[in-house]
Asker: 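Below is the structure I would like to discuss, written out as structure tokens.
Basis for what follows: all heavy atoms, side chains included, without hydrogens, waters or symmetry-related copies.
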Amino acid sequence: MAERRRRRFGLLGLAAALALFAAPVPAIAQEAPPPPVTVPALSNWSPSSGSYAHSHRTRLVADGGAARRVADTLAEDLRAAGHGTVPVVSGGARSGDIVIDVKPSSRSLGAEGYELRSGARLSVTGATETGAFYGTRTLLQLLAQGDRIPAGHTVDVPRYRERGVGVCACYVHISMPWLENLVREMAYHKLNQLLLELKVKSDAHPEAGTWGYYTKAEIRRLVALGDRYHVDIVPEINSPGHMDPWIENRPDLQLTGSDGNRQPARLDITRPEAFAYYTGLLDEYAQVFTSRSWHMGADEYMLGSDFARYPQILKYARDKYGPDATPQDAFVDFVNRVQAYAAAKGKRLRIWNDGLTGANTIPVAAGTTVEHWLDVAVKPSQLIAQGHELMNASYALYLVRGGFRSDTKALYDEGWDPRTFEGEKLTSSAGVTGAKISLWPDNGRGETENEVAAGLWPALRHIAQATWGDPHPDAGYAEFTARGTAVGHAPGWRDLTRVPVPDGAYTFRTGGASYTTEVVRTADGYATVRTPDGCLEVHGGKLTLNVPLQPGTEVTRRPCDSANTLQRWQLEPTPGGYHLVNAITRMAVTVADDGRLVQYPPDQRVPAVWRLT
């Protein structure tokens, strides 16, 4: 009896087991592969099976002028990135090819969006040349991680139309290779606007030829690079404040107080000659800058002072606008006159916001873009309500040499986006053009260019992400920074930290001069030049932003100090040897008639060619 019961239970168990196997089993969910890694992150990604393989047989297929220009730039960048020489052809595409297409009918892509499809071949489509170009930047980032790209599809469109970087090369000169690196990096990360506050050496006003200026030839080369890489380079001559680089030798244009003291940094906005001088500079800049925008600054005009010390300003305002006018009306009047002049030349005016305190009775001209960096009485929402487009240039996004540095990690963790202004968080992006980071040289010797670059790249990638797409695509900042590591630097980017000679003892010779030295590389990629009497240093002369910027200042031997950036030098290869260029002043060493070592800009005095043995 017990045996039969055991057999019965055994058969029931077997039946139950068979029934379990026969029952439908839920399919195990297959997790979709993550989107390919880019900076900024792709707005969306629909994966497919398979992959695209780049090989020596790959061709770039492009028909039409716009697509061909994009393909030509891509071919050059592929070669620079180590992917070989890829021919640009027209006609039908085959497996392994990259197809570049510009279709104006693809209106949903807007002015800068693109569509990318990856499979047996890879295609990039934009409604405009710029959109197709940005698709090729994504392609380059993917190829930086390997020759195989997962099959899939994305439509990637920016959220904001202005995505930028601002650089003040306004007193302390910044080297052209550094600026060229910046343009390439910006384009690689889909940033499209570079504000440059700088001095172009003037033919009309040689009295304003104080260092550090740029020659017109240098600016033309930089603008051509920006045009090719779809980076709009917007020039700025700050006015009516911060004008000392231009009017320190023009006392007739300087604002004079009731105490008789002239202000070499302030333009006298009541004088017709001052307006003519400034607009003449605008015309001269138009010879080398192609941007449709002009930035006149208009910030900090009364920094450290007040309008009451300059009664002629109030008189000007009341003579023009009546007895209720305020001194700030004269300031706004100057802005509006520049705006009208620029508009007649086909350029849109941009200004900083801090001069707009609400004390004016006349409005700033319509069509003026306001770049908001400081919390003042007139809030961003009010400026938008007044009809101004607003760019977010928040102080929180500043990087100052030897001073404040944007906390990129904190901004990322809080999900910062361009609606977050100093003093106000907007609920809508309407009226907001975008955002930018800004680099300022307040303490010009506080950091070298290479040190600035090291701090710049995380901030640059963050602003690229926050202005293009989701400001917080990864769970943590470490994962976001890993994106930057994965995509690396832009093709054509130059490593400016490489010292062309190894550390060691050298004899420097030029002409009849000879010096026994030791060259030692610094941590930031320059070199100290040590002699038995100390290290070479630019020392003396007038200081501007803590930097000896006077041409002809002596290069002396001072006690060696590893923290002293004025003792850091760049050895620039040149036929027959090297030029010795100071890392901070950006002037080259030459030998004076009396045998002293002195610094000069290269277009003022031929630099010494040093032979090292």
Asker: Any Lys/Arg nitrogen of Arg521 or Asp503 sitting under 4.0 Å from an Asp/Glu carboxylate oxygen of the other?
Answerer: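 Answer for the salt bridge query: no.
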
Asker: To the closest 0.5 Å, what do you measure between CD (Gln382) and CG (Leu356)?
Answerer: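 Between Gln382 CD and Leu356 CG, I get 11.0 Å after rounding to 0.5 Å.
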
Asker: Any chance the side chains of Asn582 and Tyr526 put a donor and an acceptor closer than 3.5 Å?
Answerer: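 Side chains of Asn582 and Tyr526: no pair found under 3.5 Å.
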
Asker: Dump the intermediate steps for side chain to side chain donor-acceptor pair (under 3.5 Å) on Arg419 and Thr427, then the final yes or no.
Answerer: CA-CA 7 Å; Arg419 298 170 302 153; Thr427 57; over 6 Å; no

Asker: Just so I know, are the side chains of His54 and Ile98 near enough to count as touching, which here means a heavy-atom distance under 4.5 Å?
Answerer: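 In short, these two side chains touch, coming nearer than 4.5 Å.
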
Asker: Kindly indicate, with the supporting measurements, whether the criterion ring-ring contact (aromatic ring centres under 6.0 Å, His included) is fulfilled by Tyr229 and Tyr188.
Answerer: CA-CA 9 Å; Tyr229 281 89; Tyr188 192 55; over 10 Å; no

Asker: Please determine if Arg68 and Glu129 form a salt bridge, counting it only when a charged side-chain N lies under 4.0 Å from a carboxylate O.
Answerer: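 No, this pair does not count.
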
Asker: To the nearest 0.5 Å, what is the distance between CD1 (Ile233) and CG (Asp227)?
Answerer: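 Here the rounded value is 7.5 Å.
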
Asker: Return yes if some donor-acceptor pair links the side-chain N/O of Asp101 with the main-chain N/O of Ala67 below 3.5 Å, else return no.
Answerer: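 The answer is no, because no donor-acceptor pair under 3.5 Å joins these two groups.
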
Asker: What's the verdict on side chain to side chain donor-acceptor pair (under 3.5 Å) for Glu115 and Thr154, showing C-alpha distance, side-chain angles and the deciding distance?
Answerer: CA-CA 6 Å; Glu115 181 178 14; Thr154 186; over 6 Å; no

Asker: So, Thr565 versus Glu447: side-chain donor-acceptor pair below 3.5 Å or not?
Answerer: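 No.
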
Asker: Would you confirm whether Thr128, through its side chain, and Gly131, through its main-chain N or O, come within 3.5 Å as a donor-acceptor pair?
Answerer: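 Side chain of Thr128 to backbone of Gly131: a pair is present.
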
Asker: I'd like to know if the side chain of His189 reaches the main chain of Glu185, judged simply by a donor and an acceptor atom lying under 3.5 Å from each other, with no hydrogens or angles considered.
Answerer: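 Present.
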
Asker: Quick check: Trp294 with Phe289 (ring centres under 6.0 Å apart)?
Answerer: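 Ring centres of Trp294 and Phe289 not closer than 6.0 Å.
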
Asker: Taking the inter-plane angle between the rings of Trp493 and His489 on a 0 to 90° scale, is it parallel (under 30°), tilted (30 to 60°) or perpendicular (over 60°)?
Answerer: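 Geometry flag for His489 against Trp493: parallel rings.
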
Asker: Is a side-chain N or O of Glu451 found less than 3.5 angstrom from the main chain of Thr448, in a donor-acceptor match?
Answerer: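 At least one qualifying donor-acceptor pair exists.
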
Asker: Yes or no on side-chain contact (heavy atoms from CB on, under 4.5 Å) for Thr215 and Arg220, after CA distance, side-chain angles and deciding distance?
Answerer: CA-CA 9 Å; Thr215 66; Arg220 286 190 179 101; over 6 Å; no

Asker: So does Arg483 have more than 12 non-hydrogen atoms from other groups sitting under 6.0 Å from CZ?
Answerer: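 Yes, CZ of Arg483 has more than 12 neighbouring heavy atoms, counting only those of other groups under 6.0 Å.
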
Asker: For His230 and Phe133, which heavy atoms make the closest approach, and how far apart are they?
Answerer: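 Heavy atoms only, the tightest pair is CD2-CG, 3.4 Å.
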
Asker: Taking side chain as C-beta onward, heavy atoms only, is Val167 less than 4.5 Å from Ile174?
Answerer: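 A side-chain contact exists here, since the closest heavy-atom pair is under 4.5 Å.
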
Asker: Does this structure show an ion pair linking Glu389 with Arg350, if we count only N-O contacts that are shorter than 4.0 Å?
Answerer: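 A salt bridge is absent here (no side-chain N lies under 4.0 Å from a carboxylate O).
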
Asker: Answer yes or no: is there a donor N or O on one side and an acceptor on the other, between the side chain of Asp524 and the main chain of Thr497, under 3.5 Å?
Answerer: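 Side chain of Asp524 to backbone of Thr497: no pair is present.
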
Asker: Do the side chain of Arg107 and the main chain of Pro104 share a donor and acceptor less than 3.5 angstrom apart?
Answerer: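 Flag not set: sc Arg107 to bb Pro104 has no pair under 3.5 Å.
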
Asker: Are the side chains of Val70 and Thr73 in contact, using a 4.5 Å heavy-atom criterion?
Answerer: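 Side chain of Thr73 against side chain of Val70, heavy atoms only: no contact under 4.5 Å found.
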
Asker: What closest approach, in Å, do Ile463 and Ile437 show between heavy atoms, and which atom pair accounts for it?
Answerer: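 Of all heavy-atom pairs spanning Ile463 and Ile437, the closest is CB-CG2, 4.0 Å.
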
Asker: Quick one: closest heavy-atom pair of Thr85 and Pro87, and the distance?
Answerer: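 Answer, listing the atom of Thr85 first, then Pro87: O-CD, 3.7 Å.
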
Asker: Just do the side-chain contact (heavy atoms from CB on, under 4.5 Å) check on His83 and Leu143 with the steps written out, would you?
Answerer: CA-CA 9 Å; His83 297 292; Leu143 289 176; 3.7 Å; yes

Asker: Quick one, Val172 and Thr585 - any side-chain contact, counting heavy atoms below 4.5 Å?
Answerer: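 No. Closest side-chain heavy atoms not under 4.5 Å.
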
Asker: Are Glu112 and Arg137 close enough for a salt bridge, meaning some N to O gap below 4.0 Å?
Answerer: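 No, no charged N to carboxylate O under 4.0 Å.
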
Asker: Taking Asp156 as the fixed residue, which of Tyr134, Tyr114, Trp45 is the one that meets the side-chain hydrogen bond (donor to acceptor under 3.5 Å, both in side chains) rule?
Answerer: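 Result: among Tyr134, Tyr114, Trp45, Tyr114 is the only option passing the side-chain hydrogen bond (donor to acceptor under 3.5 Å, both in side chains) with Asp156.
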
Asker: Find out whether Trp468 and Ser43 are in side-chain contact, i.e. whether some heavy atom of one side chain is under 4.5 Å from a heavy atom of the other.
Answerer: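 Yes, close enough: below the 4.5 Å cut-off.
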
Asker: Between Ser406 (side chain) and Leu399 (backbone), is there a donor-acceptor pair under 3.5 Å?
Answerer: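 No; zero donor-acceptor contacts below 3.5 Å.
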
Asker: For Arg148 and Ser51, test the side chains for any donor-to-acceptor distance below 3.5 angstrom and give the result as yes or no.
Answerer: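 There is such a pair (donor and acceptor under 3.5 Å, judged by atom type) between the side chains of Arg148 and Ser51.
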
Asker: Strictly below 4.0 Å, N to O, side chains only: are Lys199 and Glu236 in salt-bridge contact?
Answerer: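 Result for this pair is no, no salt bridge flagged.
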
Asker: Checking side-chain polar atoms at under 3.5 Å, does Thr38 have a donor or acceptor matched by the opposite partner on Gln141?
Answerer: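 Result is no, nothing qualifies.
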
Asker: Quick one: are Leu195 and Glu371 in side-chain contact, heavy atoms under 4.5 Å?
Answerer: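 Of all side-chain heavy-atom pairs linking Glu371 with Leu195, at least one is under 4.5 Å.
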
Asker: Counting only heavy atoms from other residues, nucleotides and ligands, does the tally under 6.0 Å from NZ of Lys216 exceed 12?
Answerer: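 More than 12 within 6.0 Å, yes.
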
Asker: I'd like to know if the side chain of Ser175 pairs up with that of Glu449 as donor and acceptor (distance under 3.5 Å, no hydrogens or angles considered).
Answerer: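 Ser175 vs Glu449: donor-acceptor pair found between side chains.
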
Asker: Report the C-alpha distance between Leu182 and Met186 in whole Å, list the side-chain angles of each, state the deciding distance to 0.1 Å, and finish with yes or no for side-chain contact (heavy atoms from CB on, under 4.5 Å).
Answerer: CA-CA 6 Å; Leu182 176 59; Met186 288 178 64; 3.9 Å; yes

Asker: Considering non-hydrogen atoms only, spot the tightest contact between Thr130 and Ala111 and give its length.
Answerer: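 Shortest heavy-atom separation between Thr130 and Ala111 comes out as CB-O, 3.9 Å.
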
Asker: I'd like to know if the side chain of His372 pairs up with that of Glu422 as donor and acceptor (distance under 3.5 Å, no hydrogens or angles considered).
Answerer: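 No.
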
Asker: Have Lys347 and Ser291 got a donor and an acceptor in their side chains that come within less than 3.5 Å?
Answerer: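 No, Ser291 and Lys347 have no side-chain donor paired with an acceptor closer than 3.5 Å.
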
Asker: If you define the side chain from C-beta out and look only at heavy atoms, does anything of Asn238 sit under 4.5 Å from Met296?
Answerer: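 Contact flag for Asn238/Met296 side chains = no.
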
Asker: Please check if atom NZ in Lys379 has more than 12 non-hydrogen atoms from other residues, nucleotides or ligands closer than 6.0 Å.
Answerer: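 Yes - once you tally the heavy atoms of other residues, nucleotides and ligands closer than 6.0 Å, there are more than 12.
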
Asker: Are any side-chain N or O atoms of Glu197 and backbone N or O atoms of Pro235, one a donor and one an acceptor, separated by less than 3.5 Å?
Answerer: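 Not a single qualifying donor-acceptor pair exists.
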
Asker: Within the 4.5 Å heavy-atom criterion, are Leu140 and Leu74 side-chain neighbours or not?
Answerer: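 Yes, at least one pair of side-chain atoms sits under 4.5 Å.
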
Asker: Within the distance-only criterion (no hydrogens, no angle test), does the side chain of Thr528 pair as donor or acceptor with the backbone N or O of Val520 below 3.5 angstrom?
Answerer: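 Checked: pair present.
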
Asker: Judged by atom type as modelled, is there a donor-acceptor pair below 3.5 Å linking the side chain of Asn192 to the main-chain atoms of Arg163?
Answerer: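 Confirmed, Asn192 side chain pairs with Arg163 backbone.
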
Asker: Applying side-chain hydrogen bond (donor to acceptor under 3.5 Å, both in side chains) between Trp373 and each of Asp354, Asn392, Asp299, report the one that passes.
Answerer: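 Running side-chain hydrogen bond (donor to acceptor under 3.5 Å, both in side chains) over Asp354, Asn392, Asp299 with Trp373 returns exactly one hit, Asp354.
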
Asker: Using ring centroids (six-membered ring only for Trp), state whether Trp416 and His472 fall under 6.0 Å.
Answerer: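 Not under 6.0 Å, so no.
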
Asker: Any idea how Trp178 and Trp457 line up, ring-wise: parallel (<30°), tilted (30 to 60°), or perpendicular (>60°)?
Answerer: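 If you compare the ring of Trp178 with that of Trp457, the planes turn out parallel.
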
Asker: When you look at Asn443 and Leu545, which way does the side-chain contact (heavy atoms from CB on, under 4.5 Å) test go after all the steps?
Answerer: CA-CA 5 Å; Asn443 176 9; Leu545 299 184; over 6 Å; no

Asker: Walk me through whether Arg498 and Glu572 qualify under salt bridge (Lys or Arg N to Asp or Glu O under 4.0 Å).
Answerer: CA-CA 10 Å; Arg498 192 182 71 84; Glu572 291 188 349; over 6 Å; no

Asker: Salt bridge or not for Arg57 and Asp97, using N-O below 4.0 Å?
Answerer: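 Here Arg57 does not pair with Asp97 in a salt bridge, since their nearest N and O are not under 4.0 Å apart.
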
Asker: Taking all atoms of both residues into account, what is the closest heavy-atom pair of Ala132 and Val124, and its distance?
Answerer: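 Scanning both residues, the minimum pair turns out to be O-CG1, 3.5 Å.
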
Asker: For Phe480 versus Arg461, what's the shortest heavy-atom pair and its separation?
Answerer: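 For Phe480 versus Arg461, the nearest heavy atoms are CZ-O, 3.6 Å.
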
